[in-house]
Amino acid sequence: MAQSQSQQGLSQFMSSLLADDSRYEGLDLVVAAIADGVRNVNNKVQAAAIADVLGTTGEVNVQGEIVQILDQASSDTFVDALRDCGRVAAVGSEEITEGTVIGDSPLHNYFVLMDPLDGSSNIDVAVSIGSIFGIWSRPPDISVTEESLLQPGNKQVAAVYAVYGSSTVLVVAVEGKVNGFTLNIATGEFELTHKDLRIPEKCEYYSAPEHNYKNWSTAMQEVVDGLRDTHSLRYVGSLVADFHRNLLKGGIFLYPGDSKSPQGKLRLMYEANPLGYVAEQAGGNVSDGSQRILDILPTKLHQRVPLIVGNASTVVDTIEKLQK
Ligand code: AHM
Ligand code: MG
């Protein structure tokens with residue numbers, strides 16, 4: 001049976017989106033590899049309790065956080081898929097201390113930075129979690145080392161994220177176009193279900209870790225006091241799920257720095273940059289409170305950054321209030 005427009009598959013969609021554009025040569029293969037990894041990780045997430053792979057590996061990652069078994073398995077799955085696609089020169093992962101160099105032939109023309117399983121604290125309790133990917137093209141003259149991964153977010157050519165929730169959704173952003181696909185579990189196909197996503201102009205929701213309220217600056221406390229008066233709070237504690245909700249329903253996500261953690265909790269290279277890119281392509285905005293996140297020159301693979309992302313005018317309004 002021919003697929004209707006609303007059921008267009010991911011690979012067909014990517015082929016028509018990128019057709020004949022030499023800037024994106026091989027990007028369809030990178031996105032397809034991520035989609036394969038997402039199918040695989042989705043199976044692992046769904047089967048985790050039964051397969052008895054919930055819980056921790058007993059290790060602590062470079063962030064000082066306890067590594068869940070599924071964190072590690074997801075990272076390995078995506079590194080393998082990205083290596084096998086033949087187009088990725090190097091990968092940075094939240095779960096790997098140093099960058100993983102894959103290859104430096106002319107075909108290896110992308111870098112990928114990823115949070116393979118975002119929302120670790122929700123893994124064991126059946127709450128939505130996800131995977132986040134920023135994709136950079138490899139400049140032709142650059143040799144492939146760990147340092148090559150340290151490029152600003154404004155050089156990203158695409159970003160992708162998945163949410164493993166009440167359905168499994170893959171969102172792909174490329175140069176002004178953001179589209180969402182839902183995994184059809186009967187066929188294994190990602191079908192186009194959210195075409196041309198734009199963040200709604202009406203901002204009805206805010207997401208913020210209010211358990212940190214007492215450690216915030218007075219200005220940040222006042223911003224969130226104001227949001228609380230006029231918006232509904234939705235905070236699940238998985239960045240990618242909170243972000244996805246705000247993208248679809250209209251909202252702003254904030255994870256500020258505070259007196260205990262001046263740079264906040266979230267990571268620049270594989271959380272803030274990719275989701276900031278998606279937000280901007282969907283008409284939203286992203287900031288660390290004083291500058292556009294995507295313009296930050298990274299110094300470390302795992303550096304943290306305060307994050308304010310979502311509805312454009314509410315982000316701008318928040319920055320103005322913080323800078324008063
Ligand atoms: P993770 O990448 O190890 O899962 O940690 C990041 C998560 C984000 O998904 C989420 O926004 C944040 O940590 C929640 O932090 P908190 O527990 O302080 O609310
Ligand atoms: Mg994360």
Side-chain angles (χ1 to χ4, degrees), residues 34 37-38 41 44-45 48 54-57 59-75 78 91-97 112-134 153 159-165 169 171 205-216 220 224 233-247 251-279 286 288 293 301-310:
I34 290 171
V38 167
V41 169
K44 288 184 171 47
V45 167
L54 293 178
T56 69
T57 62
E59 288 163 21
V60 173
N61 70 10
V62 64
Q63 337 277 335
E65 295 160 348
I66 294 164
V67 176
Q68 305 281 334
I69 294 170
L70 279 183
D71 279 331
Q72 189 59 58
S74 306
S75 186
F78 286 118
V91 178
S93 165
E94 177 180 339
E95 301 307 331
I96 305 175
T97 308
V112 176
L113 278 292
M114 64 175 179
D115 180 349
L117 203 57
D118 176 60
S120 300
S121 71
N122 284 325
I123 291 176
D124 294 6
V125 290
V127 169
S128 297
I129 51 182
S131 305
I132 308 172
F133 307 85
V160 178
Y161 69 80
V163 179
Y164 313 103
V169 176
V171 173
Y205 299 96
Y206 78 104
S207 310
E210 294 206 37
H211 50 280
N212 294 330
Y213 184 93
K214 63 178 186 309
N215 299 323
W216 289 344
M220 182 53 74
V224 173
L233 171 66
R234 295 287 186 277
Y235 187 77
V236 74
S238 299
L239 167 65
V240 68
D242 283 316
F243 175 88
H244 184 62
R245 191 179 201 291
N246 288 329
L247 174 66
I252 181 171
F253 176 96
L254 309 95
Y255 205 115
D258 59 46
S259 57
K260 286 194 172 158
S261 308
Q263 292 306 305
K265 177 178 183 186
L266 302 176
R267 276 55 59 111
L268 173 65
M269 295 306 291
Y270 41 80
E271 293 181 318
N273 269 335
L275 295 184
Y277 178 87
V278 176
V286 63
D288 69 355
I293 291 267
L301 195 54
H302 300 285
Q303 81 189 71
R304 296 178 195 263
V305 71
L307 176 62
I308 303 168
V309 64

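Remember, it's 1-based here, ligands and their atoms both numbered in the order they're listed. For clarity, every value in this text was computed on a predicted model and none was experimentally measured. Along the sequence shown, residues carry numbers from 1.
Contact annotation: the side chain of Asn246 approaches that of Ser207 to within less than 4.5 Å [non-hydrogen atoms, C-beta and beyond]. Using a 4.5 Å cut-off on side-chain heavy atoms (C-beta onward), Pro274 and Met114 make no contact. Looking only at side-chain heavy atoms (C-beta outward), Glu210 and Leu233 come within less than 4.5 Å of each other. Side-chain contact between Val286 and Asn273 is absent, with no heavy atoms from C-beta onward closer than 4.5 Å. In this structure the side chain of Ser75 never reaches within 4.5 angstrom of the side chain of Glu94, judged on heavy atoms. Contact annotation: the side chain of Phe78 approaches that of Ser131 to within less than 4.5 Å [non-hydrogen atoms, C-beta and beyond].
For ligand 1, the atoms lying closer than 4.0 Å to a non-hydrogen atom of Tyr255 are 15 (O), 16 (P), 18 (O). Each of the atoms 8 (C), 9 (O), 10 (C), 11 (O) of ligand 1 lies under 4.0 Å from some heavy atom of Leu239. Ligand 1 places these atoms under 4.0 Å from at least one heavy atom of Ser120: 3 (O), 4 (O). If you number the atoms of ligand 1 from 1 as listed, the ones under 4.0 Å from a heavy atom of Asp115 come out as 2 (O). Within the listing of ligand 1, atoms 16 (P), 18 (O), 19 (O) sit less than 4.0 angstrom from a heavy atom of His211. Here is the list of ligand 1 atoms found below 4.0 Å of a heavy atom in Glu271: 2 (O), 6 (C). If you number the atoms of ligand 1 from 1 as listed, the ones under 4.0 Å from a heavy atom of Ser238 come out as 9 (O). Every atom of ligand 1 is numbered from 1 in the order shown, and the set under 4.0 Å from a heavy atom of Arg267 is 1 (P), 2 (O), 3 (O), 5 (O), 6 (C).
The backbone N or O of Tyr213 sits nowhere less than 3.5 Å from a side-chain atom of Asp258 that would complete a donor-acceptor pair. The backbone N or O of Ser128 sits less than 3.5 Å from a side-chain atom of Ser238, completing a donor-acceptor pair.
Checking only distances, Gly119 does come within under 3.5 Å of ligand 1, N or O to N or O. Backbone and side-chain nitrogen or oxygen atoms of Ser121 are examined, and none is located within less than 3.5 angstrom of a nitrogen or oxygen of ligand 1. On a distance-only criterion, Tyr235 and ligand 1 share at least one N/O pair closer than 3.5 Å. For ligand 1, one of its N or O atoms has an N or O atom of Lys265 under 3.5 Å away.
With a 4.0 Å heavy-atom cut-off, ligand 1 is reached by no atom of Asp242.
Taking the six-membered ring for Trp and thresholds of 30 and 60 degrees, Tyr255 and His211 have ring planes more than 60 degrees apart, a perpendicular arrangement.
Each of Tyr235, Phe253, Tyr277, Tyr161 was scored for a ring-ring contact (aromatic ring centres under 6.0 Å, His included) with Phe243, with one residue passing: Tyr161.
Around the Mg ion (ligand 2), the protein N, O or S atoms found under 2.8 Å comprise Asp115 OD2, Asp118 OD1, Glu271 OE2.
Contact between Leu266 and Glu271 at its shortest, heavy atoms only, is CA-OE1, 3.3 Å.
Qualifying side-chain hydrogen bond (donor to acceptor under 3.5 Å, both in side chains) partners for Gln263, counting only residues two or more places apart in sequence or in other chains: none.
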